[in-house]
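In what follows, a single structure is set out as structure tokens and then discussed.
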Amino acid sequence: MTLASRLDSLRRQAGVESRTAPAPAWIPASPLAGSCDRGPRVGVEDLQQRVAALRRLLGRRPTSRETGIADSVRDRAAAPDRCLPGVDVGPGLQLIERHYALPELPLSIALHGLRSSAQQRHARVHEPEDPGMVHPARLLAIDTETTGLTGGTGTRAFMIGVADFVDGRMRIRQLLTTTLAGESRMLRMFCDWLRDDHVLVSYNGRSYDRPLLSTRLRLARLADPLSALIHLDLLHVTRRAYRSAWPNCRLATAERELLGVVRDDDLPGSEAPGAWLTWLRGGSSALLHRVAAHNDQDLRSLMGLVAHFASAAGQPPR
Amino acid sequence: MLAIAPARPVALPRQNERADGRALAERLQSKYSSRITGALVFPARAGRYAELPAGLPESIVRAMHVRGIHQLYSHQLEAWEATQRGEHVVVVTPTASGKTLCYTLPVLAGAITAQSKALYLFPTKALAQDQVAELNEINQAGNLGLRASTFDGDTPGDARQAVRLHGDIVVSNPDMLHTAILPHHTKWAQLFENLRYVVIDEIHTYRGVFGSHVANVIRRLKRVCAFYGVSPQFILCSATIGNPHAHAEALLEDRVTAITESGAPSGEKHVLLWNPPVVNRDLGLRASARSQSTRIARAAIRAGLKVLVFAQSRTMVEIITKYLKDVFDHDPRKPPRIRAYRGGYLPTERREVERSMRAGHIDGIVSTSALELGVDVGALDVVLCNGYPGSIAATWQRFGRAGRRRQPSLGVLIASSEPLDQYLVRHPEFFRDAPPEHARIHADQDLIALDHVRCAAFELPFGEGEMFGRLDPEPFLEVLVEESVLHREGVRWEWIADSYPAGAVSLRAVADGNFVVVDRTDGRQGIVAEVDYTAAALTLYEGAIHMVQAAPYQVEKLDWAGRKAFVTRTVVDYYTDAIDYTKLKVLSCFEARASGSGSAQHGEVHVVRRVSGYKKIRYYTHENIGYGPVSLPDQELQTTAVWWQLPQPVLDAVFAHRQEALEAFLGAAHALHVIASLSVMADARDLQRSVGTGDDSWNIGKHRQPASIVPAQSATSGSFLPTLYLYDNYPGGIGLSEPLFERASEIVRGARELIARCECAAGCPGCVGPVLAADESLELTPKLLALRVLETLSESA
């Protein structure tokens, strides 16, 4: 028997729900029983047998080693749509770039008024002193799309989106990895975009996006310029101002209430991981276009919220 | 070197003789000679000392002087030298021999001279907190400027960041390392980049299932360290077990230097084995162990000695404490001389008891096994074990708590009516000669290895050809790809799922099917225990009396699919015993050898187990007072086993008919199970037994049953090959079968002696299992039948 079905039946015996097809009730004698107590070491021949048996199993259901296409996906889609958003900027990496009209922004933004005193107290030790007034050109909104919410080193960002102001317009740039190997290139390109005087703008980024990117940079053995930048997390600003007025302070609520944005046919953020995995396993890229659109709107809403809070009407109560 | 003296009267000591362990031992032996079945004496040992090493930084030397330490014991210097040579070390010296300094000195020296950091792993929070307190005292004494802190479930959120970034010594535990540190290792980069030492204390507790998990956590730790470019040195401490060196090397998968000779001085040690007197000859009832413990404790305290009594359960701690307080603490105006100690007390309460003990204010302390581990409670003269702790190693560890530096001390093991206790107390030479049990782990166990390869892949991607310890992870990685948690691209396997694998892996279970036991007494809803999936059908059926900390609860409802058992506290005079039937099929035989006129083998088996009912058995008399039905799904188990068989011609020669042979095998199985569990340090539920007939019918687990409960048997075929199995009670096995096979003839011999020397007439729960009244009048009693099997299986038969 193969290792996979053996493990599955052992798991069932231990009371865990089966993950694959149930194994037969009586299991025939296994030539691969070398995993039990047979002295100090499992022999090399046993290992090779095990791996060979497993590969034979995989061989019966042909899979491509390179992209790990699951044949169920392949069978289902006669010719999946593999057309990607944006342009290819290197193996495994796409860049999507768009421009929009500026929201109404004052010439300089009183950052001091936006950051709560709590945020300032807990500012990271090596963050530069709060400069007080900030020119809009220094703002850089960021929003990532990731493979999951559980945190830890196993979660990665497959898309990094940023928004900034250039040549009188708002520029949205999104980096999308299309292979696992593209991550390193994505991170380097993203870090190249960063300047010392950037002020990061995010929604819950202090707790989620920024630590996640720092983790991935560390794993890729790249320097981490993010920790040194001032970070304005609009989730906290929004909560302070509107926590008692609204049922929740999600970005969707804030953009609807303050900016009048109502999304049409938006892909929920929770479906983003699945969209990317579908692509990765050789499936359709259709959902990835929608992920990019969702991310794009997130960034525009972030900048809109900055404009709202920076304007006189939007100053949060002190 | 060792003197063993059978019980005999000794001259009474003079009235004004100094009170110490020896005096008490002699007095007890003279007054209660009929109850003492064995006496051992270990001579005093002088200390062997050494200078503080030259390489120790000045500030640490100063700190040592401030703490009153001006020289080291020889083994502490040995440990220093080994660590300076860059070796892994395991220190195996007795309690109170200064093991702490063996790792504190290298760790502090590294921190001072090279700003290196250390990670400590302790099994309990109490020990972790003690360690940090100790480190902070040394820190202050020498003005070292080091930061030591605990990192566990109680560490508040904002303190965690400070520990990650600035902690020089992080004191944690294996569970925390597994779920909170390794899966977030980038946040701990400052620690890992400078990590030089990993200290793991009490490694003898990391055995069996738990130890197999911990060995894998260590593999993951080393892997993460390698990512940060470090290869830390491990300093391990172990109590005296049979194989501390091999165990340490198994945990680390690397060479370890063992330091086993203690240079600490010790006084003469006396050990007595005590069997309570028979109070009812007809029923064979003995007085309770508790009655003896309180009697001896009273005598010791009255003689001015400090006593520690170990009880097997919290309830018994309370009972013994009450008895002793009634004698010694009847004046509430005076400070209490008797205190109870439990792991469940608040840290402040425990600290207070420990301080009082150290200051000498307390004369008697009653505790559970919580005090087996290293907490310093000052000098004790006498240790009493109320009941056998379950292993020789644990017994010696408890006895090790007694002994002021140069004064004689006394340890007494008081037997309960449990079969193991009775066996030991009647075989003092077994107790003297038995090597402490061997700790065993099985790090490559399929399910455990899979769980940790999964966790490791979450922490760092795997590359082609990369090993996981000495395990080749590739087959497991491919399985994980099929499960869609990993994606293989080129030569790497990367994590892509939205889950946190460490959260679903318990270090104390094999896979995640555990049952929780929910206490519903008085309308409460609290979880009081957790039970393995494989043990659930045997202990959690409706009507079962389930013991939690030796307090009886009755199972009212079992939610099988929901993995919950609902119980209420109860008061009964009986316990329940599941009647189980097994179908065992041998899948493969790894090895076989002759055993007397028969054979012993070990290999992989497939077990189907059905619990068809249960018996209610009265305490002490072991009368069967009723039956109950059980209706639960059959359980399947693929695991390893060791088994014995006799060939047909031999059976025909030795037994008159099949039924007789089966009876014999059942009795032999009972005795073999007792001895086997003893020799591999197995918990009661780790090892199960079964006797089969070699055809497709149900094997009988234990005793004779009424016809209504026996499952329908298929027609018996011509062949009849009774086989006696001992199998690991975990899917995939847990590494007990091979060592049992290696020692098969020794175990058979032990079982023979157990039965032969048992004082019962025809059989009893202490040797072959309970017998029916009718059996006692037979000429061929169950005892004799069982002996026949064992004799036939013996080498010299």
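Chain naming here is simple, since letters A, B, ... match the order of the sequence lines and numbering starts at 1 in each.
Within a 6.0 Å sphere centred on CZ of B/Arg160, other residues, nucleotides and ligands contribute more than 12 heavy atoms.
Contacts between B/Leu450 and chain A at a heavy-atom distance below 4.5 Å involve the side chain alone, from C-beta outward. Interface residue A/Arg156: only side-chain heavy atoms are found under 4.5 Å from chain B. Both the backbone and the side chain of A/Leu219 come within contact range of chain B, each with at least one heavy atom under 4.5 Å from a heavy atom of that chain. With a 4.5 Å cut-off on non-hydrogen atoms, B/Ser484 touches chain A through its backbone and its side chain both. Neither the backbone nor the side chain of B/Ala536 comes within less than 4.5 Å of any heavy atom of chain A.
Relative to the ring axis of B/Phe227, A/Arg221 places its NZ or CZ within 45° and under 6.0 Å from the centre.
In terms of modelled atom types and a separation under 3.5 Å, the side chain of B/Asp446 and the main chain of A/Arg6 share no donor-acceptor contact. A/Gln13 contributes a side-chain N or O that, together with a main-chain N or O of B/Gln638, makes up a donor-acceptor pair within less than 3.5 Å. Judged by distance alone, with hydrogens and angles left aside, the side-chain atoms of A/Thr153 form a donor-acceptor pair with the main-chain N or O of B/Phe458 at under 3.5 Å.
For the atom pair CD of B/Glu489 and CG of A/Leu280, the computed distance is 6.5 Å after rounding to the nearest 0.5 Å. Atom CD1 of B/Ile448 sits about 11.0 Å away from atom CG of A/Leu10, to the nearest 0.5 Å. Rounding to the nearest 0.5 angstrom, the gap separating the NZ atom in B/Lys187 from the OG1 atom in A/Thr215 is 6.5 Å. Here A/Arg12 contributes atom CZ and B/Gln635 contributes atom CD; the two are 12.0 Å apart, rounded to the nearest 0.5 Å.
When A/Thr179, A/Thr146, A/Thr155 are compared by the number of non-hydrogen pairs under 4.5 Å with chain B, A/Thr179 comes out ahead. Options B/Tyr730, B/Phe515, B/Trp495, B/Phe741 differ in how many heavy-atom pairs under 4.5 Å they form with chain A, and the most are formed by B/Trp495.
Between B/His184 and A/Gly152, the shortest heavy-atom contact is CE1-N, 3.5 Å.
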Derivation and outcome, side chain to side chain contact (heavy atoms under 4.5 Å, CB included), residues B/Glu636 and A/Ser9: CA-CA 9 Å; B/Glu636 249 185 278; A/Ser9 78; 5.8 Å; no
Residues B/Asp498, A/Thr147; criterion side chain to side chain contact (heavy atoms under 4.5 Å, CB included); working and verdict: CA-CA 6 Å; B/Asp498 176 17; A/Thr147 53; over 6 Å; no
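One finds a salt bridge joining B/Glu483 and A/Arg11 here, because a Lys/Arg side-chain nitrogen approaches an Asp/Glu carboxylate oxygen to under 4.0 Å.
No side-chain heavy atom of B/Thr186 sits under 4.5 Å from any side-chain heavy atom of A/Leu217.
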